[in-house]
Amino acid sequence: MSCTCVIKYDRPLVRRALNKYMARRLGISFFIALLVAVLLPLLSYISGFWSIVLTVVTLTLGAALAFLIFVYYARLRAAEGFFDKANEPSVTFNFSDEGVITDSDIGSTNLKWAAFDEILKFSDVWLLLYAKSGYMTLPLNQITPECCQFIEQQVTHHRK
């Protein structure tokens with residue numbers, strides 16, 4: 001069996017997919033820890049309790065947060081680079097028993113199902129993860145339910 005679909009991408013879709021990817025990968029505990037990491041030094045400063053240890057911890061957290069922001073914008077810039085290179089922002093996906101073939105006006109890829117680690121499922125988009133940090137964005141409004149079921153079966157069947 002195989003299924004083919006043509007997905008038309010736009011910048012809001014790419015950004016929304018990246019936001020969902022980052023939020024899922026970081027997890028809710030990260031955002032709670034981030035809130036505590038911001039509030040604790042702030043409350044310490046307001047209350048007048050400040051030390052060199054708190055300064056070092058705050059600077060370390062600030063550097064980590066700056067790195068995370070850098071990673072986010074680097075990934076966003078890479079994802080949106082497709083729009084700068086492509087004449088038509090669409091990709092043809094051919095899902096077969098062997099793997100996934102993508103084709104656009106800037107090139108094509110051929111990945112076996114074993115390359116995919118998992119599917120991050122959201123209400124409007126699926127992210128087909130490969131190589132631990134790469135993903136293909138599959139908007140559900142542009143893919144048939146039968147194709148979604150086929151993709152899910154193949155990823156489950158070929159999971160490492």
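Keep in mind it's a predicted model, so treat the numbers as computed, not measured.
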- Item | Nearest-0.5 Å distance that lies between atom CG in Leu13 and atom CG in Asn141 | 8.0 Å

- To the nearest 0.5 angstrom, please state how far the OG atom of Ser90 sits from the CD1 atom of Ile7. 10.0 Å

- Message: So which atom in Leu61 and which in Ala37 form the shortest heavy-atom distance, rounded to 0.1 Å?
- Response: CD1-CB, 3.5 Å

- Item | Check: Phe95 ring centroid to Phe93 ring centroid under 6.0 Å | yes

- Message: Can you tell me if Tyr73 has over 12 outside heavy atoms packed within less than 6.0 Å of its OH?
- Response: no

- Query: Side-chain heavy atoms under 4.5 angstrom apart, residues restricted to Ile, Leu, Val, Met, Phe, Trp, Tyr: same cluster for Tyr72 and Leu68?
  - Reply: yes

- Query: For atom OH of Tyr45, is the number of surrounding heavy atoms from other residues, nucleotides or ligands below 6.0 Å larger than 12?
  - Reply: no

- Interatomic spacing from CZ in Arg16 to CG in Asp10 - rounded to 0.5 Å: 7.5 Å

- Task: Using a 4.5 Å cut-off on heavy atoms from C-beta on, say whether the side chain of Leu65 contacts that of Leu34.
- Result: yes

- Where does the angle between the aromatic ring planes of His158 and Trp113 fall among parallel (under 30°), tilted (30 to 60°) and perpendicular (over 60°)? parallel

- Query: Is Leu128 linked to Ile101 within one hydrophobic cluster, defined over Ile, Leu, Val, Met, Phe, Trp and Tyr using a side-chain heavy-atom separation of less than 4.5 Å?
  - Reply: no

- Message: As a quick check of understanding, evaluate disulfide bond (SG atoms under 2.5 Å apart) for Cys3 and Cys147, giving each step before the final call.
- Response: CA-CA 6 Å; Cys3 60; Cys147 194; 2.3 Å; yes

- Partner set under side-chain hydrogen bond (donor to acceptor under 3.5 Å, both in side chains) for Thr55, not counting sequence neighbours: Trp50

- Report yes or no: do Val38 and Ile69 belong to one cluster of Ile/Leu/Val/Met/Phe/Trp/Tyr joined by side chain heavy-atom distances under 4.5 Å? yes

- Query: Ile32: which other cluster members, linking ILVMFWY side chains closer than 4.5 Å, directly or transitively?
  - Reply: Ile28

- Item | Main-chain N/O of Glu88 paired to Asp105 side chain as donor or acceptor, under 3.5 Å | yes

- Closest non-hydrogen atom pair, Leu54 against Ser44: CD2-CB, 3.3 Å

- Message: If you define the side chain from C-beta out and look only at heavy atoms, does anything of Cys148 sit under 4.5 Å from Leu140?
- Response: yes

- Message: Between Phe116 and Val100, does the side chain to side chain contact (heavy atoms under 4.5 Å, CB included) criterion hold? Intermediate values first, please.
- Response: CA-CA 10 Å; Phe116 296 98; Val100 180; 3.7 Å; yes

- Query: If we only count heavy atoms from C-beta on, is the Phe122 to Leu127 side-chain gap below 4.5 Å?
  - Reply: yes

- Drop me the distance from Gln142's CD to Thr137's OG1, to the nearest 0.5 angstrom. 11.0 Å

- How far does OG1 of Thr102 sit from CG of Asn110, to the nearest 0.5 angstrom? 8.5 Å

- What are the two closest non-hydrogen atoms of Asp117 and Ala131, and how far apart are they? OD2-N, 3.6 Å

- Task: Over all heavy atoms of both residues, which pair between Arg75 and Leu18 is shortest? Give the atoms and the distance, please.
- Result: NE-CD1, 3.9 Å

- Could you go step by step and tell me if Glu98 and Lys112 meet the salt bridge (Lys or Arg N to Asp or Glu O under 4.0 Å) rule? CA-CA 6 Å; Glu98 290 79 38; Lys112 303 292 182 200; over 6 Å; no

- Message: Are Tyr9 and Ile106 connected into the same hydrophobic cluster when the rule is that any two of I, L, V, M, F, W, Y join if their side-chain heavy atoms are below 4.5 Å apart?
- Response: yes

- Residues that Tyr135 engages under ring pair (Phe, Tyr, Trp, His ring centres under 6.0 Å), provided they are two or more places apart: Tyr21

- Task: Find out whether Leu120 and Lys20 are in side-chain contact, i.e. whether some heavy atom of one side chain is under 4.5 Å from a heavy atom of the other.
- Result: no

- Item | Joint hydrophobic cluster, Phe83 plus Val6, side-chain heavy atoms closer than 4.5 Å | no

- Message: side chain to side chain contact (heavy atoms under 4.5 Å, CB included), that's the test. Do Phe30 and Arg25 meet it? Break it down for me.
- Response: CA-CA 9 Å; Phe30 170 80; Arg25 281 298 183 222; over 6 Å; no

- Query: Between the side chain of Thr156 and the main-chain N/O of Gln153, is any donor-acceptor distance below 3.5 Å?
  - Reply: no

- Query: Does atom NZ of Lys85 have more than 12 heavy-atom neighbours from other groups under 6.0 Å away?
  - Reply: no

- Query: Val14 versus Phe82: any side-chain heavy-atom pair under 4.5 Å?
  - Reply: no

- Message: Does any part of the side chain of Leu129, heavy atoms only, come nearer than 4.5 Å to the side chain of Ile119, both counted from C-beta?
- Response: no

- Message: Could you check whether any side-chain heavy atom of Thr92 comes within less than 4.5 Å of a side-chain heavy atom of Thr4, counting everything from C-beta outward?
- Response: yes

- Pairwise distance CD(Gln154) to CG(Asp97) - rounded to 0.5 angstrom: 5.0 Å

- Would you indicate whether the side-chain heavy atoms of Met136 and Trp126 approach each other to under 4.5 Å? no

